[in-house]
Amino acid sequence: MIQCPRGTRDFLPDELEKRRSYEGILRGVAHRFGFREIETPIFEDAELFILRSGPGVLKELYNFKDKGDRDIALRPEMTAPVIRAFVNGMGSYPKPIKVFYFGQCFRYERPQAGRYREFFQFGAEIIGSATPETDAEAIAMAASMIKSLGLKEYKIRIGHIGVLRQRIADIGVPAERTAEVLQKLDKKLYDEARPILRDIGVADADAEALFDLTETVGGTEVLDKVPGEAGTYLRELVGILGSMGVEDLEIDLGVVRGLDYYTGMVFEAEAPVLGAEKQICGGGSYTLSELFGGEKVFSTGFAIGFDRILLAMEKEGIEYEQEGIDAYVIPVSDDVRRDAAVIVSRLRGSGRSADIDIMGRKMAKALKYADSIRARYAVIVGRKELDGGCVTLRDMKTGEQREVPADDIFRGV
RNA sequence: GCUGGGAUAGUAUAGCCUGGUUAGUAUAGGGGACUGUGGAUCCCUUGACUCGAGUUCAAAUCUCGGUCCCGGCCCCA
């Protein structure tokens, strides 16, 4: 028997219906925030992702040569493709450009709880604007999405890459070693950062002050202590978010995010119920377009890990109710099967979801089946009622029955 | 890449340590009891030892390897 490749899943109808429903909720939020959907190819030139993330990504990329000897990779994320599409064809669109996307991405990693090789991301980008209002819009939408799905336990943390970068430069760390230091700080590995800083020649006191800065964590009031332009910017941002009703935020200057194209605000959201893989959302402001041959344009974006947020919801006990169908048509005997066919197609024509017994079951079994597919009504088609132009409509929940005209079954229901 | 645990019908499980009938049970699926009324009951039926190699007279059971799953690291764009 052949099974799904490692790290991939089949989504059977019950689960897919649920996923589509939640996907619909996210789409709804995006529309309400004035975003329009964009779709890009599932595979791209591998170069696109290498430009974005460095050659190190290759080991986690699903890449291959196609028959034309092109170096292709399945997309591991969607920000780079969207910015590529912007550079290729949306450069002259009115700014700001607000787009969202939903689709699967692929990474060659070891699968774990909430981590798959084929996974789904829902994300958005605001291209061509670099104001606090832009960042606020992105964070507010991410918060609204999490809330709309009904997730209760989550944290949104906001940081600013500029604060740390500025400080790191000020204390004498050369540009080419910044990433190395940031990486340690991101993990709060101060013991590993100390020897690196010492090696560079940073004074111990400066190093400790730097560590203190990454420990600037807490409610929005800690912003009072954040110096410089970044502090002013973040205070402005938090103020706007407050006006938008987004309150439960944490400030954490230790939020660094791996890549160096982030330029200012960075944020992430996590769901503690998830354990090791608890991050459900990440984003920030950045510039990428110049890497892909366009002019330099500021953007802010974020992506939600769809699989993870669903997992978190499941762990919180959020239940999804299957939709079912409106009516299940049951012919009582073989001589009325044609009449039943007329009735089911009339129901379908009028926009109801309707199904009919096609296995020649007896009524008892047919009713049981109707229940198992969550039909709201059973339409029992029998000789007796047909002679009077009627059928029996049975409410599957209450068991109540009444005779209704065969050509207008749902009048008055 | 490192590391711990695991895999028995669609699902949930018993059996494994201590090798030995036809691999048990529940539930789900199909049919019937019930020839026009479901979620109950009873009966019949379909359906499984992850794969490969080894040890043995004999392997679901012991050994080794592969695959996949669940965790913890590394990584996480």
Side-chain angles (χ1 to χ4, degrees), chain A residues 1-10 12-14 44 46 48-61 73 75-83 105-117 119 121 123 179 183 186-187 189 256-262 266 268 270 274-284 286 288 291 301-303 305 308 311 328 330-336 340 357 359-375 377-386 391-403:
Chain A
M1 200 173 58
I2 297 176
Q3 38 194 346
C4 284
R6 185 168 164 82
T8 67
R9 296 154 290 167
D10 290 324
L12 306 184
D14 278 351
E44 297 266 1
L48 177 68
F49 303 110
I50 295 168
L51 278 175
R52 181 198 164 176
S53 313
V57 295
L58 267 172
K59 69 179 198 307
E60 297 194 335
L61 223 46
R75 62 187 181 199
E77 53 89 33
M78 293 210 253
T79 299
V82 167
I83 297 303
C105 298
F106 305 83
R107 294 181 190 176
Y108 194 87
E109 302 180 286
R110 191 184 180 298
Q112 227 172 292
R115 177 187 276 189
Y116 304 94
R117 286 182 171 183
F119 60 98
Q121 280 197 341
Q183 208 242 345
D186 186 26
K187 302 257 168 354
L189 296 172
V256 170
R257 307 203 59 71
L259 298 177
D260 20 283
Y261 59 78
Y262 281 101
V266 287
E268 55 190 38
E270 62 181 44
L274 290 182
E277 303 292 331
K278 64 186 175 182
Q279 193 182 330
I280 52 176
C281 175
Y286 61 90
L288 264 182
L291 273 182
F302 69 89
R308 283 195 194 169
L311 196 61
Y328 188 71
I330 303 172
V332 157
S333 50
D334 284 342
D335 60 313
V336 297
D357 171 63
M359 287 183 57
R361 280 197 174 97
K362 293 178 183 157
M363 184 164 354
K365 298 276 181 181
L367 280 168
K368 203 175 163 189
Y369 178 75
D371 181 61
S372 75
I373 60 170
R374 298 166 213 268
Y377 293 93
V379 176
I380 298 166
V381 180
R383 189 80 278 150
K384 280 190 307 210
E385 302 94 314
L386 272 182
V391 295
T392 297
L393 186 65
R394 179 184 179 89
D395 184 317
M396 292 298 288
K397 209 164 228 156
T398 62
E400 274 174 70
Q401 292 192 179
R402 58 180 154 152
E403 287 201 12

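Numbers restart at 1 for each chain; the letters A, B, ... are given by sequence-line order, proteins then strands. Quick note: numbers below take in every heavy atom, side chains included, and nothing from hydrogens, waters or symmetry partners.
- Remark: P of B:G29 and CG of A:Asp371 are 10 Å apart, rounded to the nearest angstrom.
- In this structure, A:Arg6 places its CZ atom 19 Å from P of B:C51, rounding to the nearest Å.
- B:U27 is paired with B:G10 under the criterion used here, namely a Watson-Crick or G-U wobble arrangement in which both key atom distances are under 3.5 Å.
- Each of B:C70, B:U37, B:G31 was ranked by its minimum atom distance to the side chain of A:Lys365; first place goes to B:G31.
- B:G36 atom C1' lies 8 Å from atom CD of A:Glu385, rounded to whole Å.
- Closest approach to the A:Lys362 side chain among B:C75, B:G32, B:G71 is made by B:G32 (side chain taken as heavy atoms from C-beta onward).
- For A:Glu270 and B:C76, the CD to C1' distance is 14 Å, given to the nearest whole Å.
- Minimum atom distance to the side chain of A:Pro111 is reached by B:C69, of the listed B:C75, B:G71, B:C69.
- Per the geometry, NZ belonging to A:Lys384 stands 14 Å off P belonging to B:U35, to the nearest Å.
- Put simply, CD on A:Gln112 is 10 Å from C1' on B:C74, counting in whole angstrom units.
- Taking only side-chain atoms of A:Arg110, from C-beta outward, the nucleotide of B:G38, B:A77, B:G72 with the closest atom is B:G72.
- For A:Arg115, counting side-chain heavy atoms from C-beta on, the closest listed nucleotide (B:C74, B:G36, B:G39) is B:C74.
- Base-pair partner of B:G36: not found among the strands shown (Watson-Crick or G-U wobble, both distances under 3.5 Å).
- Considering only side-chain atoms of A:Met359, the nucleotide from B:G31, B:G71, B:A77 that sits closest is B:G31.
- Of the listed nucleotides (B:C75, B:G38, B:G31), B:G31 has the atom at the smallest distance from the side chain of A:Arg361.
- Separating the CD atom of A:Glu44 from the C1' atom of B:A77 is a distance of 15 Å, rounded to the nearest angstrom.
- Under 3.5 Å, the side chains of A:Thr392 and A:Gln401 contain no donor-acceptor pair of N or O atoms.
- Across B:G36, B:C2, B:C75, the shortest atom-to-atom separation from the side chain of A:Val332 is found for B:G36.
- Closest to the side chain of A:Ile380, out of B:G36, B:G71, B:C76, is B:G36.
- Base-pair partner of B:G1: B:C73 (Watson-Crick or G-U wobble, both distances under 3.5 Å).
- Rounded to an integer number of Å, the gap from CZ of A:Arg394 to C1' of B:U37 is 5 Å.
- Checked against B:C70, B:C76, B:G31, the side chain of A:Arg308 finds its nearest nucleotide in B:C76.
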